[in-house]
There are 2 protein chains.
Amino acid sequence: MKALVVDDDRVLADIVSFTLRREGFQVVQAGDGEAALKRLAEEQPDIVILDVNLPKAVPALDGFTVCQRIREKSNIPVILLTVREDEDDIVYGFKVGADDYVLKPFSPRQLVARVQAVLRRVGASTEAHSKQAGSLSFDPDRREALVEGREPVSLTALESRLLEYLMLYPGHILTNQDLIDHIWGPGGGDRDMLRQLVRRLRMKIEPDPAQPSLIETVAGRGYGLRKTG
Amino acid sequence: MKALVVDDDRVLADIVSFTLRREGFQVVQAGDGEAALKRLAEEQPDIVILDVNLPKAVPALDGFTVCQRIREKSNIPVILLTVREDEDDIVYGFKVGADDYVLKPFSPRQLVARVQAVLRRVGASTEAHSKQAGSLSFDPDRREALVEGREPVSLTALESRLLEYLMLYPGHILTNQDLIDHIWGPGGGDRDMLRQLVRRLRMKIEPDPAQPSLIETVAGRGYGLRKTG
DNA sequence: TGAACCTGTGATAAAGCTGTGATAATGAGG
DNA sequence: CCTCATTATCACAGCTTTATCACAGGTTCA
């Protein structure tokens, strides 16, 4: 299991690295955004721990931007480190695709817990996708959905999150609120947005969007993926 | 078996939810205390997993207070999640009526063990979603009722609550007031509404709605599910 | 017998939910 | 700067769900 630690603060980076190594991780470091992207390509880590507060030496490459770049080209989970307790930061972090955040100061134990939690979650989700719900499969790297016997369709970030989450529980109905919370984060979405998102996803993956066969609706409750796709 | 997970940390809530779902639970989430109380009334879960460290957005509604409110109005078991190892917290947790606590960080296995221990202690059977009574079965996920030898019928939210409650005590008569309180909450329904609801449910599930064989009426008292369906 | 009460039934109106289309805001890339 | 893709917001039709009113038939009991 390989981790990439991105932080300009050498001391903090060393603490994080030490903590992770003790847990059996192989660790690579980077001191700024540019180096991070370079080592990301070279090392292919399994997870990135990223300080949002990077030096301004390289303009326009703060933590959020780096996170965004990472997410554009891969699906490697990212955990953000932030001193600010400003909720905007966290929301923005999720917006650029972060998987979790840890507020500084943090205890080593806390960090390890988050890292393992995220890895477990990602592991779970890829497992689900490999299981292939019915005639559906999804490639999170390319963000492409594949319906049996048709061309692959590329999905947007939100569509991917929705599909991925639905595929975690094929045959089960997920509550509207549950989906909203998971896709947009707490307090970040409403039912209207969810409806539109489901609609767009259906347009892309349903053979006949007018009569959905993959994503089923339970009025007043939520949506789910049909098992007999 | 339905669980309510209350946590403002989306990631943690998702982990807990995933873990429980994998064990066959139906899971609902809430992001703060207010939502928790609302969904508690709506969803009637069998157990609550509650993070004591809730956001201060709603003042005076931290985890302990929420726990207290829950215990005031119902007997649903509550498990507290706490980061603090402070023994006072635990003591205080028990004081407001918690049934057990789990210290963060925890492993999924650990959580499941606690949940099942508490449920066993309370005397609930940890059975799968679909409930059965005689020739009747009900899928709360889809809100579909299945009468032996016929097509599944989809029920509305209220109809589901009624049927679910009746199925909890097959062969017993439940008081009108009891049913009303349980379905609409205290002070929320009247006998007329109940009559209509029973009527609509009968229309859907009774082979011959004019001569009910499943739901029996005891004049002046209430309704019940016949055991010899 | 007749009043009070209860139940089943029907009809109707208000409220809510979903799918749909159109349109603005937002952000990325040339 | 402009253009395109993505996302958010608004409005609306059709349907379902729910609450409310009205009424007939049955039972109980004084």
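Chain A is the first sequence line, chain B the second, and so forth, proteins listed ahead of strands; every chain is numbered from 1. In this text, all values refer to a predicted model and were calculated from it rather than measured experimentally.
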So which of residues 189-201 of chain B are in contact with DNA chain C, with a heavy-atom cut-off of under 4.0 Å?
B:R191, B:R195, B:Q196, B:R199
Between A:R69 (CZ) and C:dA28 (P), how many Å, whole number?
10 Å
Under a 4.0 Å heavy-atom cutoff, the residues of residues 150-163 of chain B touching DNA chain C are none
Heavy atoms, side chains only, cut-off 4.5 Å: are A:V78 and A:V118 in contact?
no
Less than 4.5 Å apart, any side-chain heavy atom of A:P207 and any of A:S213?
yes
Are B:E164 and B:R143 within salt-bridge range, i.e. N to O under 4.0 Å?
no
In sequence, state the C-alpha distance, the side-chain angles, and the governing distance for B:C67 and B:L50, and then conclude on side-chain contact (heavy atoms from CB on, under 4.5 Å).
CA-CA 8 Å; B:C67 179; B:L50 175 63; 3.8 Å; yes
Residue-phosphate contact under 4.0 Å: B:Y223 side-chain N/O, C:dC6 OP1/OP2
no
Phosphate contact (C:dC6 OP1 or OP2) by B:N176 side-chain N/O below 4.0 Å:
no
Check against side-chain contact (heavy atoms from CB on, under 4.5 Å), B:V66 and B:R69
CA-CA 5 Å; B:V66 173; B:R69 294 279 174 82; 5.6 Å; no
Over how many whole Å does the gap from B:L179 atom CG to C:dC6 atom P extend?
16 Å
Rounded to the Å, how far apart are A:I183 CD1 and D:dA8 C1'?
14 Å
Compare side-chain N and O positions of A:W184 against OP1 and OP2 of D:dA8 and report whether any pair is under 4.0 Å apart.
yes
Hey, is A:K38 close enough to A:D32 for a salt bridge, meaning N to O under 4.0 Å?
no
If you compare every side-chain N and O of A:R202 against the phosphate oxygens of C:dG19 (OP1, OP2), does one of them come in below 4.0 Å?
yes
For the pair made of CZ in B:R143 and P in C:dC17, what is the distance, rounded to whole Å?
11 Å
Please give, in whole Å, the distance from C:dT18 C1' to A:I180 CD1?
14 Å
Going by distance alone, is a donor N or O of one side chain under 3.5 Å from an acceptor N or O of the other, for A:Q196 and A:D192?
no
For the residue pair B:T217 / B:R202, report whether a side-chain donor-acceptor contact shorter than 3.5 Å exists.
yes
Could you label the plane-to-plane angle of the B:Y169 and B:Y165 rings as parallel, tilted or perpendicular, counting under 30° as parallel and over 60° as perpendicular?
perpendicular
